[in-house]
Amino acid sequence: MLTINLIREKRDFISDRLKIKNFNSEEILDKILELDSRRREIQSRSDTMQAEMNRISKEIGSLMMQNRKTEAESAKENTYRLKEEIRELGEELGRLDSELREEIIRLPNLPHESVVRGSSSEDNVKVREGGEKPSVPADALPHWELIRKYDIIDFDLGNKLTGAGFPVYKGKGAKLERSLISFFLDEGVSAGYTEVIPPIVVNEDSGFGTGQLPDMEGQMYHMTLDNFYLIPTAEVPVTNIYRDVILNAEDLPVKNIAYTPCFRREAGSWGAHVRGLNRLHQFDKVEIVQIAHPDHSYKALDEMVNHVEGLVKKLGLPYRIMRLCGSDMSFTSALTYDFEVWSAAQERWLEVSSVSNFESFQANRLKCRFREKGGKQTRLAHTLNGSALALPRIVAAILENNQTPSGIRIPQALIPYTGFEMID
RNA sequence: GGAGAAAUGGCAGAGUGGUCGAAUGCGGCGGUCUUGAAAACCGUUUUCCGCCCGCCGGCGGAACGGGGGUUCGAAUCCCUCUUUCUCCGCCA
């Protein structure tokens with residue numbers, strides 16, 4: 001959510017920047033400015049009347065104490081009309097507040113100055129590339145056949161228990177999954193992140209705080225009886241730890257890492273290219289989250305990108321880092337780097353991580369603020385997060401890229417975790 | 001699930017209708033003293049919105065778990081929701 005101050009002061013700048021995201025904001029901005037000036041006018045009037053009301057009330061109080069009942073009664077006469085007007089202004093103010101909020105919420109975050117406009121994912125900018133594409137035989141199997149061949153992930157069984165997109169990991173498949181989670185967490189902790197295990201069910205306020213609500217309502221599993229949501233990413237509970245929190249500047253950056261299962265309805269996005277592990281309703285992910293000082297948040301973003309790059313390197317996966325163009329970026333992000341790994345049998349790049357700086361966009365919803373040492377004023381912090389990493393496509397790439405006639409080779413870095421070198 | 005009690009500032013804890021944004025203590029910050037520190041003493045210390053305002057600041061309004069109500073006036077009375085604690089029941 002953009003701040004009303006920014007909108008007041010830099011209307012045209014905002015309008016220009018949002019064009020990079022192919023978002024036409026003219027009408028919304030005009031409406032916001034109009035609502036805002038009406039709101040302020042009403043508040044001034046209401047404040048003045050309440051001040052008057054408070055004055056009279058105090059007067060009545062002191063008259064009562066002096067036992068001057070008749071004077072007190074006549075003073076009361078003056079309050080009835082005032083009270084009614086205050087009530088009406090209060091209602092008007094409430095209406096304007098919520099209307100204003102509704103409009104502001106419709107505006108996406110401003111893209112960082114390095115973001116190009118673009119019209120699709122084709123226009124994402126390759127930042128760098130690493131690792132070597134493996135040479136696999138022409139008859140290399142895609143992962144959905146490999147998992148059957150070695151009986152390590154079972155979609156049919158998941159279908160029986162729940163439905164499509166809820167696989168069951170078995171034997172070495174389960175161990176591989178658990179090993180990757182531990183590996184990612186350990187790497188994060190070594191890099192200075194504090195591990196947390198948050199709830200995977202959140203309330204409406206949390207969903208709103210990080211921006212999934214109301215925009216992505218249909219993408220989350222909603223437990224209507226309790227009005228809870230299954231989290232689509234650990235970003236939601238972990239970032240919301242800092243909702244309504246005022247941090248000290250010297251405590252920044254705050255760095256958290258969390259493993260959670262993630263749940264996505266993926267309504268409407270099923271189709272080609274989503275076979276096997278490419279798209280699931282439930283999947284595992286390790287997420288890194290930082291709350292940073294606004295002056296250093298892009299340094300934090302670089303650090304996070306380097307961290308994720310280290311992970312894919314250690315796993316020996318060919319990867320590329322893409323800076324998303326405006327039209328491919330999320331509503332809430334100011335700058336996003338996507339990580340893709342090469343999937344040898346599918347011969348495609350698979351997105352395995354998205355690392356973003358949200359600047360103050362989430363923080364404004366969350367009311368996540370900080371105070372400079374010795375300072376009095378609070379400022380909005382910057383929030384960042386990134387997958388480090390999402391498991392299913394990593395598993396798919398490891399299976400496909402490392403297949404050999406004698407089985408699937410486990411990456412060196414994972415062997416201490418799996419305890420075996422081959423899936424065979 | 002049943003019965004009872006409670007929710008106040010960073011923390012502890014007073015406050016049962018009027019001058020209470022809130023005593024007091026602790027903690028924090030600034031200062032005096034000291035070579036330095038401690039102790040002592042003095043001062044200061046919630047957040048949001050609006051107006052004036054370059055900044056400092058000033059003025060007004062709101063907020064005592066959330067929401068609603070009674071009243072000229074609510075931390076204080078009423079309703080409701082949530083949470084916590086105690087006892088009972090059940091349970092991984």
Side-chain angles (χ1 to χ4, degrees), chain A residues 1-10 32-105 197-209 213 223-229 237 240-252 254 360 363-381:
Chain A
M1 181 163 90
L2 298 177
T3 61
I4 186 69
N5 279 339
L6 187 73
I7 298 172
R8 266 182 217 149
E9 286 160 23
K10 298 189 165 176
I32 288 172
L33 290 176
E34 192 213 313
L35 286 168
D36 178 55
S37 81
R38 271 171 61 202
R39 195 194 73 82
R40 285 191 288 173
E41 192 211 315
I42 298 287
Q43 180 171 353
S44 285
R45 277 166 55 191
S46 168
D47 282 357
T48 311
M49 288 197 188
Q50 292 202 55
E52 174 69 1
M53 188 71 152
N54 290 342
R55 195 188 58 76
I56 296 175
S57 290
K58 282 188 181 177
E59 205 174 278
I60 292 173
S62 74
L63 287 173
M64 292 293 237
M65 269 187 280
Q66 295 165 54
N67 231 337
R68 292 154 71 182
K69 290 254 164 59
T70 7
E71 285 163 88
E73 285 304 319
S74 73
K76 277 192 196 179
E77 300 290 317
N78 300 324
T79 65
Y80 302 133
R81 202 188 134 78
L82 252 182
K83 199 179 172 183
E84 179 61 18
E85 282 179 61
I86 289 169
R87 197 187 56 76
E88 280 169 18
L89 286 174
E91 278 174 11
E92 174 76 359
L93 199 58
R95 269 197 301 276
L96 288 169
D97 267 335
S98 56
E99 253 183 274
L100 188 57
R101 188 174 175 79
E102 268 169 44
E103 293 300 322
I104 295 176
I105 281 171
I197 302 181
I200 58 174
V201 172
V202 294
N203 59 28
E204 201 174 355
D205 285 347
S206 294
F208 184 82
L213 292 175
M223 301 168 198
T224 52
L225 204 55
D226 296 296
N227 199 25
F228 290 153
Y229 294 85
N240 271 282
I241 291 173
Y242 304 96
R243 169 153 51 86
D244 293 320
V245 169
I246 299 174
L247 296 151
N248 296 317
E250 58 268 33
D251 295 330
L252 300 176
V254 172
S360 61
N364 191 32
R365 287 189 170 203
L366 292 159
K367 294 208 208 64
C368 172
R369 290 159 293 171
F370 72 97
R371 210 190 318 260
E372 299 286 1
K373 194 171 173 64
K376 220 172 146 59
Q377 281 196 318
T378 60
R379 286 174 70 190
L380 291 172

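Because the structure is a prediction, the values reported are computed rather than measured. Basis for what follows: all heavy atoms, side chains included, without hydrogens, waters or symmetry-related copies. Every chain is numbered from 1 and lettered A, B, ... according to where its sequence line falls, protein lines coming before strand lines.
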*Give the rounded distance in Å between these two atoms: CE of Met53(A) and P of rA62(B).*
11 Å
*Measure from CD on Glu52(A) to C1' on rA62(B) and round the result to the nearest Å.*
18 Å
_What's the gap between rU83(B) and rU8(B) when it is taken at their C1' atoms, as a whole Å value?_
15 Å
_Suppose you measure atom C1' in rA74(B) against the same atom in rG67(B); what distance do you get, rounded to whole Å?_
16 Å
*Quick one: label Ser62(A) by what it contacts on the DNA or RNA (base, sugar-phosphate, nothing), any heavy atom closer than 4.0 Å.*
nothing
*asked:* What contact category does Arg55(A) fall into here, base, sugar-phosphate, or nothing, at under 4.0 angstrom with non-hydrogen atoms?
replied: nothing
*Ignoring hydrogens and angles, does a donor from either the side chain of Asp47(A) or the base of rG60(B) sit under 3.5 Å from an acceptor on the other?*
yes
*So what's rA75(B) paired with, Watson-Crick or G-U wobble, going by both distances under 3.5 Å?*
none
*Please determine, for the side chain of Asn54(A), which listed nucleotide (rC51(B), rG61(B), rC72(B)) has the closest atom?*
rG61(B)
*Whole Å only: how far is the CD1 atom of Ile60(A) from the C1' atom of rG73(B)?*
7 Å
_Between rU70(B) and rG13(B) - P atom distance, rounded Å_ = 34 Å
_Side-chain donor-acceptor contact under 3.5 Å, Asn203(A) with Ser206(A)_ = yes
*Just compare rU47(B), rC48(B), rC72(B) and give me whichever is closest to any side-chain atom of Ile246(A).*
rU47(B)
*Let me know the distance between CZ of Arg40(A) and C1' of rC49(B), rounded to the nearest Å.*
11 Å
*asked:* Using a 3.5 Å distance criterion without hydrogens, assess whether the side chain of Thr79(A) forms a donor-acceptor pair with backbone atoms of Ala75(A).
replied: no
_If you assign Ser46(A) and Lys76(A) each to the RNA chain B nucleotide with the nearest heavy atom, which residue ends up on the more 5' nucleotide?_
Ser46(A)
*asked:* Under 4.0 Å, counting only non-hydrogen atoms across every strand here, what does Ala75(A) touch: a base, just sugar-phosphate, or nothing?
replied: nothing
*Starting from P on rG50(B), measure out to CG on Leu35(A) and report it in whole angstrom.*
14 Å
*Whole-Å distance between rC72(B) P and Glu85(A) CD?*
17 Å
*Which part of the nucleic acid, if any, lies within contact of Gln50(A), taking any heavy atom under 4.0 Å across all strands shown: a base, the sugar-phosphate backbone alone, or nothing?*
sugar-phosphate
*Take atom CD1 of Ile197(A) as the centre, draw a 6.0 Å sphere, and report whether it contains more than 12 heavy atoms from other residues, nucleotides or ligands.*
no
*Taking atom CZ of Arg101(A) as the centre, report whether more than 12 heavy atoms of other residues, nucleotides or ligands fall under 6.0 Å from it.*
no
*asked:* Just to be sure I understand the rule, does Arg8(A) reach a base, reach only the sugar-phosphate, or reach nothing, if contact means heavy atoms closer than 4.0 Å?
replied: sugar-phosphate
*Please tell me which of the listed nucleotides, rU46(B), rG50(B), rC48(B), lies nearest to the side chain of Arg371(A)?*
rU46(B)
*Can you tell me how far C1' of rC55(B) sits from CD of Gln377(A), to the nearest Å?*
10 Å
_Students often get this wrong, so: under 4.0 angstrom with heavy atoms, is Ser57(A) touching a base, only sugar-phosphate, or nothing?_
base
_Quick check for you: among rC72(B), rC48(B), rG50(B), whose closest atom lies nearest to any side-chain atom of Arg369(A)?_
rC48(B)
*Expressed in angstrom and rounded to an integer, what is the separation of Arg101(A) atom CZ from rC49(B) atom C1'?*
14 Å
